[in-house]
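What follows is a short report on a single structure.
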Amino acid sequence: QLQLVESGGGLVQPGGSLTLSCVGSGFSLDYYARAWFRQAPGKEREGVSCISSSGSSIIYADSVKDRFIISRDNAKNTAYLQMNSLNPEDTAIYYCAADPSRSCPADIAIYLFAFWGRGAQVTVSS
């Protein structure tokens, strides 16, 4: 059975950077779209970014554009989220997701991805 495991979360100072990783196990995710979501306390879950199976299509939430970079390494069955210029508003639990749709949905916020990780805490604070 497919499992997704996030790593790389932690405490970061404002303005700092952090990179999350999401390793899939069980079977190949080469043909799956992969995405990152986050949810802060008292807030709705937010779609952060998505990358298509080929990597040719990428989307970002407006809140993270120009600061975050999503990527994937199919040989390692891994997706990444590089986060730069972090601010306290980025504090949240970050979830990795994957879906066999291959492409990214037009509205990542309302699409239910098939597979999810358990989440990784990212805290931005001084």
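Sequence positions, counted from 1, serve as the residue numbers for this chain.
- Other residues, nucleotides and ligands place more than 12 heavy atoms under 6.0 Å from the CG atom of Asp107.
- Taking Arg67 as the reference, Asp90 meet the salt bridge (Lys or Arg N to Asp or Glu O under 4.0 Å) condition, with sequence neighbours excluded.
- In this structure, Gln39 and Arg45 approach most closely via the heavy-atom pair NE2-N, 3.8 Å.
- Summarising the geometry, atom CG belonging to Leu86 is positioned 8.5 Å from atom OG1 belonging to Thr91; distances are rounded to the nearest 0.5 Å.
- Between the side chains of Ser101 and Ser103, not a single donor N or O lies within less than 3.5 Å of an accepting N or O.
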For residues 119-126, which side-chain N or O atoms pair as donor and acceptor with protein atoms under 3.5 Å away, sequence neighbours left out?
from: Gln121; atom 1: NE2; to: Ala92; atom 2: O; distance (Å): 3.4
from: Gln121; atom 1: NE2; to: Thr123; atom 2: OG1; distance (Å): 3.3

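- Using cut-offs of 30° and 60° on the angle between ring planes, the pair Trp116 and Tyr95 is perpendicular.
- Atom OH in Tyr80 sits 11.5 Å away from atom SG in Cys96 (nearest 0.5 Å).
- Looking at Arg34, its side chain does come within 3.5 Å of a backbone N or O of Cys22 through a donor-acceptor pair.
- Checked by atom type and distance alone, the side chain of Asn77 pairs as donor or acceptor with a backbone atom of Gly24 at under 3.5 Å.
- In this structure, Cys50 and Ala33 approach most closely via the heavy-atom pair SG-CB, 4.3 Å.
- Side chains of Glu46 and Ser63: a donor-acceptor N/O pair is present below 3.5 angstrom, by distance only.
- Within the 6.0 Å centre-distance limit, the rings of Phe113 and Tyr111 are counted as a close aromatic pair.
- The shortest heavy-atom contact between Ser56 and Ser54 is OG-OG, 2.7 Å.
- To the nearest 0.5 angstrom, Ile70 atom CD1 is 5.5 Å from Ile51 atom CD1.
- Between the CG atom of Asn74 and the CG atom of Asp30 there is a distance of 4.0 Å, given to the nearest 0.5 Å.
- Inspection of the Tyr31 and Arg102 side chains reveals no N or O donor paired with an N or O acceptor under 3.5 Å.
- Residues forming a salt bridge (Lys or Arg N to Asp or Glu O under 4.0 Å) with Lys43 (at least two apart in sequence, or on another chain): none.
- A donor and an acceptor atom, one from each side chain of Ser17 and Asn84, are located under 3.5 Å apart.
- Closest approach of Phe37 and Val48 over heavy atoms only: C-CG2, 3.9 Å.
- Of the possible donor and acceptor atoms, one in the side chain of Ser49 sits under 3.5 Å from a partner among the backbone N and O of Ile59.
- Results of the side chain to side chain contact (heavy atoms under 4.5 Å, CB included) test with Leu20 over Arg38, Met83, Glu6, Gln82 single out Met83 as the only residue that passes.
- The same ILVMFWY cluster, assembled from side-chain heavy atoms under 4.5 Å apart, contains both Ile69 and Leu18.
- Aromatic pair Phe68/Trp36: ring centres not closer than 6.0 Å.
- Closest approach of Phe115 and Leu4 over heavy atoms only: O-CD1, 3.6 Å.
- We find the CD1-CZ distance between Ile58 and Arg72 to be 10.0 Å, quoted to the nearest 0.5 Å.
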